[in-house]
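To start, the structure under review is shown below, and the notes come after it.
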Amino acid sequence: MKRFTTGPIEMEKEILEIRGMQLPYHKDEEFSHIMLETDVLLKKFVKAPVGAKTVYLTATGTAALEATVINVFTPADKVLIIDGGTFEHRFIEICRVHDIPHVILKLKPGEALTAEHLEAFEGEALTGFLVNLNETSTEQLYDIKLISAFCKRKNCYLIVDAISTFLCNPYDMEGFGADATIISSQKGLGISPGLSIVVLNERIIKDRIMTNPTKSFYFNFKYYIRGWEKGKLPFTPCVGICMQLNKALKLIEAKGLALHLAGIRVVAEDFRHRLAQLPLKLPDYPLSNGVTPVIFPDDNAMEMFYLLKENYDIVVTQAQGDWKNKVLMIAHIGNVSVDDNEVLIKAMKEILHIG
Ligand SMILES: *Cc1c(COP(=O)(O)O)cnc(C)c1O
């Protein structure tokens with residue numbers, strides 16, 4: 001079977017080997033050492049500013065979104081949320097549940113984010129901006145320069161859900177002025193789901209995390225930050241996934257981050273180029289290199305999904321909600337190559353009865 005899925009993804013052989021091994025005991029020095037070594041690489045790839053600290057949560061990405069919101073904001077805040085898809089609805093729901101005042105920048109289906117959209121919010125007294133930098137349900141990669149300049153003007157905290165852009169597209173936490181960067185294990189990192197990571201800069205730790213009266217025990221970042229200098233986590237972490245994380249980051253370090261990212265771009269561009277042979281379309285907004293959303297003008301995306309699975313042993317990703325029959329998502333991360341693209345396009349052509 002070949003997976004072109006957005007996460008969990010088609011994992012590399014080296015990661016699969018680590019998954020099959022016995023686990024170290026998490027209270028041993030050796031494990032703390034591995035975590036600290038992992039953390040150095042992670043912060044390097046995120047381009048975290050000096051003084052940044054990391055929270056490692058045994059939970060999926062959504063938990064990290066919620067945990068970040070409740071550790072950083074209180075009902076005295078007011079945050080802006082871009083609403084362009086299903087993952088952004090999660091930020092809105094989280095703010096609703098926790099009574100965090102919020103305003104919503106609504107994008108129409110298929111609409112790209114522009115400076116004009118943000119202009120409408122210049123007058124709001126905002127203390128935070130929440131963005132899913134790559135909204136995975138549409139695969140729009142927002143223009144971070146616009147967002148980052150807006151947050152600097154407004155002097156508000158910038159919280160970036162980088163879950164599906166980190167290690168798929170270039171990312172620069174310090175350069176973007178992101179105060180928090182949220183990551184989850186099953187996307188660009190290419191390892192099992194269950195670990196999520198929040199990288200925080202010095203100002204947000206000092207002015208918010210350590211001083212806010214966060215009403216949560218397990219998700220209170222204070223406990224995670226306090227023991228971290230020694231590589232200790234407050235609760236038993238998903239040790240096996242932490243071991244995969246260490247391996248995944250070392251593999252990228254050995255290859256070089258630039259080369260890793262270029263490799264994904266090549267596979268994405270190759271796929272988009274080959275797609276021109278088919279009567280299918282791409283969206284007009286800016287796309288991530290990690291995934292290509294393929295538009296089916298005849299609303300037969302689901303049929304394609306099932307035929308690929310049943311007749312070719314190929315698994316692609318279904319779109320959600322209204323897009324279910326309109327769009328399929330083809331991932332370019334993990335163990336997928338230009339050769340795999342060729343096989344996929346050939347199968348799609350046969351299904352569509354094209355030469
Ligand atoms: C995958 C993803 C998440 C996290 O989803 P979980 O299922 O909770 O891991 C959050 N935001 C974005 C943009 C994602 O792509």
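Every value quoted in this text rests on a predicted model; they were computed, and no experiment measured them. Just so you know, ligand 1 is whichever comes first in the structure, and atom 1 is the first atom listed for that ligand.
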Open item on the list: Check for me whether the distance between the ring centres of Y224 and Y56 falls short of 6.0 Å.
Closed with: no

Open item on the list: More than 12 heavy atoms of other residues, nucleotides or ligands under 6.0 Å from CG of D28: yes or no?
Closed with: yes

TODO: Compile the protein residues with any heavy atom at a distance under 4.0 Å from an atom of ligand 1; present them by chain, then by number.
DONE: T60, G61, T62, F87, R90, N134, T136, D161, I163, S164, S184, Q186, K187

TODO: Enumerate the residue pairs fulfilling salt bridge (Lys or Arg N to Asp or Glu O under 4.0 Å) with a member in residues 69-82, sequence neighbours excluded, ordered by first and then second residue.
DONE: D77-R208, K78-E124

- [ ] Using the side-chain contact (heavy atoms from CB on, under 4.5 Å) rule, take L113 and Y285 through it: C-alpha gap first, then chi angles, then the decisive distance, then the call.
- [x] CA-CA 8 Å; L113 176 76; Y285 47 74; over 6 Å; no

Open item on the list: Just to verify, what does R19 make a side chain to side chain contact (heavy atoms under 4.5 Å, CB included) with, not counting sequence neighbours?
Closed with: M11, L16, S192, Q244

Which pairs would a plain distance check flag for residues 264-274, meaning a side-chain donor or acceptor within less than 3.5 Å of a matching protein atom at least two apart in sequence or in another chain?
unit_1 : atom_1 : unit_2 : atom_2 : d
D270   : OD1    : R274   : NE     : 3.2
D270   : OD1    : R274   : NH2    : 3.3
D270   : OD2    : R274   : NE     : 2.8
D270   : OD2    : N341   : ND2    : 2.8
R272   : NE     : T292   : OG1    : 2.7
R272   : NH2    : S288   : O      : 2.6
R272   : NH2    : V291   : O      : 3.1
R272   : NH2    : T292   : OG1    : 3.1

